[in-house]
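Structure record follows, encoded as structure tokens.
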Amino acid sequence: MSRWREAFLALRNGVDPQVVLRTLKQGFDTYDPCDTWQKSSESGVKTSCDTLRHIESSPVPSVTSVATDFDSKTPGIPPSVTSVTTVKGVYLDFETRNTSGCNLDTAGAWRYAADPRTEVLTLTYKLDGGAHQLWLPSLGWCDPLASLAADASTSFICFAGFELAVWQRIMVERLGFPSIPIGRWIDAQAECSYFAVPRTLGKVLPVIGAPVAKDEAGKRLVRCLSKRDRKTGEYPEVTPEILDRVAAYNQIDVDGLIAVHTAFGSLSEQERRVWELDQRINQRGLGIDVELVRAAKRISEISTSALLEEFAGLTRGLSPYQVGKTREWLTGRGFTLENIQEETVQAALDELTLPEDVRRVLEIRLITASTSLKKLDAMLACVGPDGRARGLLRYHAATPGRWSAELIQPQNLPRPTVEIEDSEELVAAVKTGDPKALRRWGEPLEVLASALRFAVCAEEGSLFGAADFSAIEACVLLALAGQHDKCSLIAGGVDIYRDMAAMIYGLDRDRFLAIREEELTLEQSEQRRIGKNTVLGCGFSMGGLRFRNQYLRHLPRQEGEKLAAGIVYTHYRKTWAPKVPQLWRDLEASARRAMLHPGIPIKARCGIVYTLDKIAGLPTLVCRLLNGKHIHYVNARVDANKLDPYGNPVWTYWAYRKGQWREIDPYGGQLTENVVQALARELLVDRMFAFEERGYQIVLTVHDEVLIEHPQITKMVMEKIMTERPQWAEKIGVPVATKAWVGKRYRK
DNA sequence: GTACTCTGCGCC
DNA sequence: AAACGGCGCAGAGTAC
């Protein structure tokens with residue numbers, strides 16, 4: 001029996017609620033008093049809730065939908081028992097608050113919903129064609145809600161994964177409502193992601209021209225309820241008036257949700273499967289070694305505070321994070337740096353003769369610049385009572401369909417920069433909590449960052465299996481472009497980076513290829529590095545200037561520019577992969593033709609099809625991939641007044657970039673990159689299904705890498721499953737090579 | 001106070 | 001004939 005169920009029964013049997021709550025909290029305290037929360041609740045004390053009084057009296061925005069039924073005693077529509085083929089939809093949205101400082105933004109929906117001090121304020125739900133229904137926690141377990149949840153033919157439609165978490169952790173585990181399997185949930189936010197429109201309700205509604213707008217005042221009110229009053233230090237009391245206002249806000253959110261789902265409709269069958277997989281992964285969670293994280297945090301704090309103090313002493317009170325002011329200080333000491341990026345600072349340390357204080361300031365900036373160790377706080381904030389962090393992945397967050405990640409953001413854990421022979425030895429050293437224990441590996445903060453991945457840990461009795469595709473984007477690109485000679489090289493196990501380098505530097509190709517990896521001279525390694533950058537970087541129409549800036553900064557400017565121009569324009573485009581520029585033109589011309597002929601599918605030579613369609617009333621260029629998957633370019637319009645330098649009509653679309661909904665000018669290289677990235681994602685998704693079907697549970701995906709957790713996984717099984725490829729990839733000849741490892745802790 | 005932009009950094 | 005990659009996060013600074 002779960003702790004919640006126990007508490008629920010205790011309450012029903014008349015046990016003092018305070019006692020029950022204390023018991024529950026104790027259960028949590030044993031695993032995690034959550035030091036980070038203490039901080040956030042303290043800052044909550046300082047937060048003003050003065051606005052509360054404003055908001056209470058602020059008018060409720062007009063509601064467009066007419067039907068309103070807030071009388072919970074009115075019987076709802078009885079659940080369908082006659083037909084399972086009639087699928088009903090229930091739209092629903094929770095408003096909640098937390099009174100312990102647990103922050104939804106940092107804890108994530110799953111940790112937040114599991115917190116004993118998270119409470120439901122209101123739940124508004126609405127059946128297709130029916131009236132809004134209000135459920136309040138005071139009603140407890142009740143019909144028709146419970147019957148709807150139990151009814152296999154009823155879908156629950158929500159916005160984002162939040163409702164799934166609250167339903168499971170609170171409605172099911174605390175109140176005894178029936179659990180709703182993933183297959184019966186529909187997430188309108190996933191639809192937004194798939195169709196590449198903004199992912200927040202407030203932002204997407206105006207984009208689709210919905211007659212509903214987000215109730216911003218209501219949103220602020222609900223947020224206020226989770227913050228302590230600045231003066232009294234107490235959480236606000238939820239008065240009947242406030243509850244009414246929250247319910248009104250809640251209802252408007254449901255209307256917004258309906259507008260979004262009605263506009264976009266459901267995901268395709270194919271993507272629906274991917275979303276369900278996404279939810280399984282997110283609910284499963286990723287194991288975190290909390291003991292390791294705690295110890296690492298201690299070391300990090302000791303080491304960092306000493307460095308910050310030293311820095312402040314040298315600079316009259318500055319912090320190394322104050323970029324502008326640190327640069328000013330450096331200028332004052334006679335050293336003007338164009339920026340204080342790692343590379344610039346490192347170069348200054350290497351090349352200039354510096355006074356001791358300037359040198360030390362730059363050194364400290366280098367050590368403290370990485371914010372990777374903030375992930376320790378992120379881990380503690382979102383890890384659940386069972387030591388697993390949930391809700392880390394965001395389905396289809398990038399236009400081509402890749403996942404992104406949040407909270408811990410496990411997709412950008414630093415790669416180790418110090419040499420680690422035995423991970424368990426290092427883990428043990430970190431667990432001492434003493435910076436000195438790390439000295440044998442290097443600078444403590446650098447060692448910690450290098451050990452960060454080890455905090456991701458398989459559960460007792462289980463192992464991680466990981467596998468990734470080697471240079472998958474280059475492989476897909478070359479295959480799609482029909483550059484078969486290079487695909488054959490890859491398939492034959494040739495190091496194409498060296499093949500490329502041999503061409504650039506005019507080396508004896510066969511002899512260069514024959515050298516064993518560990519016998520490459522420094523110069524030869526450098527040549528291979530440039531070859532690698534060329535193969536991976538030039539595929540999407542990068543120009544010579546950018547190539548020089550990105551990869552050849554260490555050379556004198558003129559020499560670098562000359563070499564870059566030769567590499568990009570002559571070696572790569574003309575000789576090594578001449579079919580690739582043809583692919584850019586192919587896709588760009590096809591997309592443009594589709595834009596000029598609405599509704600007519602235009603097939604590029606590579607088999608990709610573009611069609612200008614209407615989605616949610618918005619002109620959308622739909623790109624159909626080789627397996628039927630779509631990429632969407634929303635608000636796609638031809639700009640009648642403009643021609644590009646070659647006399648072609650120009651078109652634009654809109655996308656969410658850098659936190660803003662903005663106009664984008666597409667070009668061939670970018671369209672190619674989207675298609676290639678999307679196809680690489682399809683290859684990975686295909687393998688993810690293969691792992692799951694064979695009973696290997698996926699816990700993380702990182703673009704070209706998959707991590708599974710299983711008691712008996714082996715490297716051989718990982719490689720065997722990972723190497724298979726779908727028919728379409730077989731057909732165009734995508735070479736697939738994979739590397740795998742098995743172990744207790746996550747690593748690179 | 002909140003929202004946004006900028007710089008910087010990490011991964012692919 | 002061909003250019004600007006993506007993602008999230010932290011912290012500082014600015015505007016409202």
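FYI, side chains are in, hydrogens and waters are out, and symmetry mates aren't considered; it's all heavy atoms of this structure. Here is how names work: the chains are called A, B, and so on, in the same order as the sequence lines, proteins then strands, and each is numbered from 1. Computed from a prediction, not measured in an experiment: that's the story for all the values here.
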With the side chain of [X] defined as its heavy atoms from C-beta on, choose the nearest nucleotide among [options].
X: A:Arg365; options: C:dA3, B:dC11, B:dG8; answer: B:dG8
X: A:Ser372; options: C:dA2, B:dC12, B:dG10; answer: B:dG10
X: A:Asn339; options: B:dG8, C:dA3, B:dC4; answer: B:dG8
X: A:Tyr646; options: C:dC4, C:dA1, B:dA3; answer: C:dA1
X: A:Ala398; options: C:dG6, B:dA3, B:dC9; answer: C:dG6

- Query: Mapping A:Glu588 and A:Gln677 to their closest nucleotides on DNA chain C, which lands nearer the 5' end?
  - Reply: A:Glu588
- Task: Please report the closest heavy-atom contact between A:Asn282 and A:Leu392, naming both atoms and the distance.
- Result: OD1-N, 3.1 Å
Contact class for [X] vs. all strands (heavy atom < 4.0 Å): base, sugar-phosphate, or nothing?
X: A:Asn648; result: base
X: A:Arg573; result: sugar-phosphate
X: A:Glu342; result: sugar-phosphate
X: A:Glu673; result: base
X: A:Lys748; result: sugar-phosphate
X: A:Tyr569; result: sugar-phosphate
X: A:Gly668; result: nothing
X: A:Leu413; result: sugar-phosphate
X: A:Glu473; result: nothing

For [X] and [N], what is the distance between atoms [atom1] and [atom2] respectively, to the nearest whole Å?
X: A:Lys227; N: B:dT2; atom1: NZ; atom2: C1'; result: 9 Å
X: A:Trp403; N: C:dG6; atom1: CH2; atom2: C1'; result: 16 Å
X: A:Phe540; N: C:dA2; atom1: CZ; atom2: P; result: 18 Å
X: A:Leu684; N: C:dG6; atom1: CG; atom2: P; result: 21 Å
X: A:Leu330; N: B:dT7; atom1: CG; atom2: P; result: 17 Å
X: A:Leu671; N: C:dA3; atom1: CG; atom2: C1'; result: 12 Å
X: A:Ile664; N: C:dA3; atom1: CD1; atom2: C1'; result: 14 Å
X: A:Asp665; N: C:dC4; atom1: CG; atom2: P; result: 14 Å

- Is the shortest side-chain N to carboxylate O distance from A:Glu216 to A:Arg223 below 4.0 Å?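 Between A:Arg223 and A:Glu216 there is no salt bridge, as every charged N stays at least 4.0 Å from the carboxylate O atoms.
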- Carboxylate-amine/guanidinium proximity below 4.0 Å for A:Arg402 and A:Glu473: yes
- What string of B, S and - do you get for nucleotides 8-16 of chain C 5' to 3' if you count protein non-hydrogen atoms under 4.0 Å? BSSSSS---
- Query: Given side chains that start at C-beta, do those of A:Ile281 and A:Leu700 come closer than 4.5 Å, heavy atoms only?
  - Reply: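 No. Closest side-chain heavy atoms not under 4.5 Å.
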- Quick one: does A:Met379's side chain get under 4.5 Å of A:Leu407's, heavy atoms only? no
- Separation between CE (A:Met688) and CD1 (A:Ile698), nearest 0.5 Å, reads 4.5 Å
- Query: Any N or O donor-acceptor pair linking the side chain of A:Arg585 to the base of C:dA2 at under 3.5 Å?
  - Reply: yes
Side-chain N,O ([X]) to OP1/OP2 ([N]) below 4.0 Å:
X: A:Lys574; N: C:dA1; value: no
X: A:Gln341; N: B:dG8; value: yes
X: A:Arg327; N: B:dT7; value: no

- Does A:Arg745 make a cation-pi contact with A:Phe454, if we ask for NZ or CZ under 6.0 Å from the ring centre and within 45° of the axis?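 Checked: cation-pi criterion not met.
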- Message: Please verify the inter-ring angle class for A:Trp403 with A:Tyr395; under 30° counts as parallel, over 60° as perpendicular, anything in between as tilted.
- Response: perpendicular
- Between the side chains of A:Lys629 and A:Tyr194, is a donor N or O closer than 3.5 angstrom to an acceptor N or O?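 No, A:Tyr194 and A:Lys629 have no side-chain donor paired with an acceptor closer than 3.5 Å.
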- Task: Between A:Arg662 and A:Glu705, just flag the one whose closest nucleotide in DNA chain B comes earlier from the 5' side.
- Result: A:Arg662
